[in-house]
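Here is the structure we will look at, set down as structure tokens.
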Amino acid sequence: MKKKWYDYLWIWTIIYFVLGFFNILFAWLGMIDFLVPLIFAIVGGNKHFCNTYCGRGQLLRVMGTHCHCSRNKTTPKWLSSKWFRYGFLIFFLAMFGNIVFQTYLVAAGAGSLKEALKLFWTIRVPWHWAYSAGFVPDWIAQFSFGFYSLMLTSTLIGLIVMALYKPRTWCTFCPMGTMTQTICKLKHRKEK
Ligand code: SF4
């Protein structure tokens, strides 16, 4: 079957991280991946984004299937269990809330800009070369560092479980996937 432009969105995922390496402000572009799936779910009641436009899901498939980086072992059942998926979603949203709170503190002058990433929510990685102080208000940069950390951490987790289990194991507990699935279910229940 002839490939369409959206079959190459996995390249965009790579470009996103490369851009953020050189200039952290590009991290804001990740909000597209955050908002578009929600719009599809709320307006259309479907998971069209996951099935067609998700660059991360595609990247995991390309790495795992075409590049043979996955052991292709059965994904443990607990990773796709309800309690784990919803627990991870709550944790993920709490971490996002913390990013917003840190951004607020910087905007309010109660905190200073931290030019570093937090990988896996714990490991501090200096990233100061990716931002020139004063270019934009500090809170904009603070959100960038926080959001890029979140995007990179979740992609790394996706790559780890891709290597250990099936290529798209991440999708079984991806917070965006859980969120859009829940919205679609609620929407369809309402329409009945
Ligand atoms: S579940 Fe997450 S990573 Fe997988 S396709 Fe959907 S949004 Fe992308």
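It should be emphasised that the depicted structure is a prediction, and the values quoted were computed from it without experimental measurement. No hydrogens, no waters, no symmetry mates; every other heavy atom, side chains included, goes into these values. Each ligand, and each atom within it, is numbered from 1 in the order the structure gives.
Between L113 and F145 the shortest side-chain heavy-atom distance falls below 4.5 Å. At a threshold of 4.5 Å between non-hydrogen side-chain atoms, the residues M176 and F92 do not count as touching. Here the side chains of Y104 and W139 are not in contact, with every heavy-atom distance at 4.5 Å or above. Residues C50 and F40 have side chains not in contact (no heavy-atom distance under 4.5 Å, counting atoms from C-beta outward). Taking the side chain as every heavy atom from C-beta outward, L59 and W12 never approach each other to under 4.5 Å.
In this structure, the protein non-hydrogen atom closest to atom 7 (S) of ligand 1 is C50 SG, 3.6 Å. Considering only non-hydrogen protein atoms, atom 2 (Fe) of ligand 1 sits nearest to C174 SG, 2.3 Å.
Here is the list of ligand 1 atoms found below 4.0 Å of a heavy atom in G177: 1 (S). Each of the atoms 3 (S) of ligand 1 lies under 4.0 Å from some heavy atom of W170. Of all atoms in ligand 1, listed by their number and element, those nearer than 4.0 Å to a heavy atom of C171 are 1 (S), 3 (S), 4 (Fe), 5 (S).
Here C54 reaches atom 8 (Fe) of ligand 1: one of its N/O/S atoms is less than 2.8 Å from the metal.
Side-chain atoms of S70 come within 3.5 Å of backbone atoms of M162 as a donor-acceptor pair (strictly under, hydrogens ignored).
Between R168 and ligand 1 there is a heavy-atom distance shorter than 4.0 Å.
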